[in-house]
Amino acid sequence: MIPPELPDNEANRLKALESYELLDTLPESDYDDIVRIASLICDTPISLVTLIDKDRQYFKARKGLDVNETPREFAFCAHAINKPNELLIVPDSRQDLRFMDNPLVSNDPHVVFYAGVPLVNEDGHALGTLCVIDHKPRELTREQEASLKSLGKQVMNVMSLRKKNRLLEESQRKTEQYGKDMEAFAYSASHDLKEPLRNIKAFMQLLERNYANQLDDKAQKYIHFSIESANKMETLMRDLLDYYKSDNDMEPATLVDPSKLIKEILVLHQDQIAKKNVNITVGKLPQISITAAALRQVFYNIISNALKYHNEGSTPEITIEAKELDQYWEFSVSDNGIGIAQAYLNKIFDIFTRLHSYTQYKGTGIGLAICRRIIKKHGGEIWATSENEVGSTFYFTLPK
Ligand code: ADP
């Protein structure tokens, strides 16, 4: 018997083999089917998918054999992988110097005829073989040889596909986890920063109130700017918290009347509505099964924007309607405001996207991102149409 030599670059070959995570795994039908077909086509009692590990050959799939592995030094396949591009055919192992006193020949499973096609990965490493074995001297026809080679390619394809899927799933899982971690961080940061910020603002206001006569104009201006910045930061944190909370319903869904929610929202804006003489038309709206707080937030953000993004001088007109579709209700809020350029109609729903400076129109760029999260979570869609200087319409759908 001549023991098999180690392939060149054996360490890298073993690393490549490990990367497929197939050693010592449970049987899988894709591989089992291939060995069944190989033994049928080649008319042999035994067929195996073998993987050549450091000291053993492991059988990922086997037909006609009961053991899971045999020592590498006796493995015919360990010879086969040394010529990755060739089929190793041993017509009669008893006449072959390499195998004649091999215990697998003289004892069970009595390997007399052997044909094995190396399983070669994209980097050229032969990881194992697809082989067929008989207990008597044999040969394969050309067709049988060609079929065995094709089936070997199929084994390699299944292995590569499985590996790619696994890597993809792993990276998806990592990305999801990263997203969750980021959310948790942003949530706790905005939550924990609220109190120190409130203190800064309170002390600045005390300074402004109690020491005004001891401070010159410049110092008073600086204090004023500090309070403004603290206010801006407070709004940003409140909106951020709302954004992260918008994915977790605090209350259960109930049958909600949107007209009622809209009335409450308009009360909150009544000063602005009266000052600008806003015309608001609310059509007939259907009741919807949803968390009231979630729907309130959606209408609140869209209506607030319709009031805010308006040129001075003209009378704001806002129309709120609903249309019945097959399986959804489609709500719309139209305004005759400044409009949105076509290029930004999708982007405005991304968090922190603002089309204007803070001094022009105050805001944080979070409101529409909250709306999208809520609507998506409830199985609907949200979008906008608009014409510059004519007005915009925001649509969202909710399942009936
Ligand atoms: P915010 O209003 O706090 O900036 P939003 O997420 O609610 O944030 O809106 C994102 C951006 O979309 C706004 O900054 C504004 O540029 C644009 N936008 C939203 N609603 C309207 C509207 N009705 N008319 C014109 N522009 C709008």
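Numbering of ligands and ligand atoms starts at 1, following listing order. Index from 1, following the sequence.
Closer than 4.0 angstrom to ligand 1 by heavy atom are N305, K308, Y309, D335, I338, G339, I340, I348, T353, R354, L355, H356, G363, T364, G365, I366, G367, L368, S392, F394, sorted by chain and number.
The side chain to side chain donor-acceptor pair (under 3.5 Å) test applied to D239 returns T364, not counting sequence neighbours. Shown here are the side-chain contact (heavy atoms from CB on, under 4.5 Å) partners of L325, two or more places apart in sequence or in another chain: K323, Y328, E330, T397.
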| task | Starting from the C-alpha separation in whole Å, work towards a yes-or-no answer on salt bridge (charged side-chain N to carboxylate O under 4.0 Å, His left out) for K276 and E312. | result | CA-CA 9 Å; K276 292 189 184 167; E312 300 268 318; 5.8 Å; no
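Cluster partners of I81, by chain and number: I52. The rule joins Ile, Leu, Val, Met, Phe, Trp and Tyr whenever side-chain heavy atoms lie under 4.5 Å apart.
Taking a 6.0 Å sphere around CG of N210, one finds it holds more than 12 heavy atoms contributed by other residues, nucleotides or ligands.
K308 forms no cation-pi arrangement with Y361, by the criterion of a distance under 6.0 Å to the ring centre and an angle within 45° of the ring axis.
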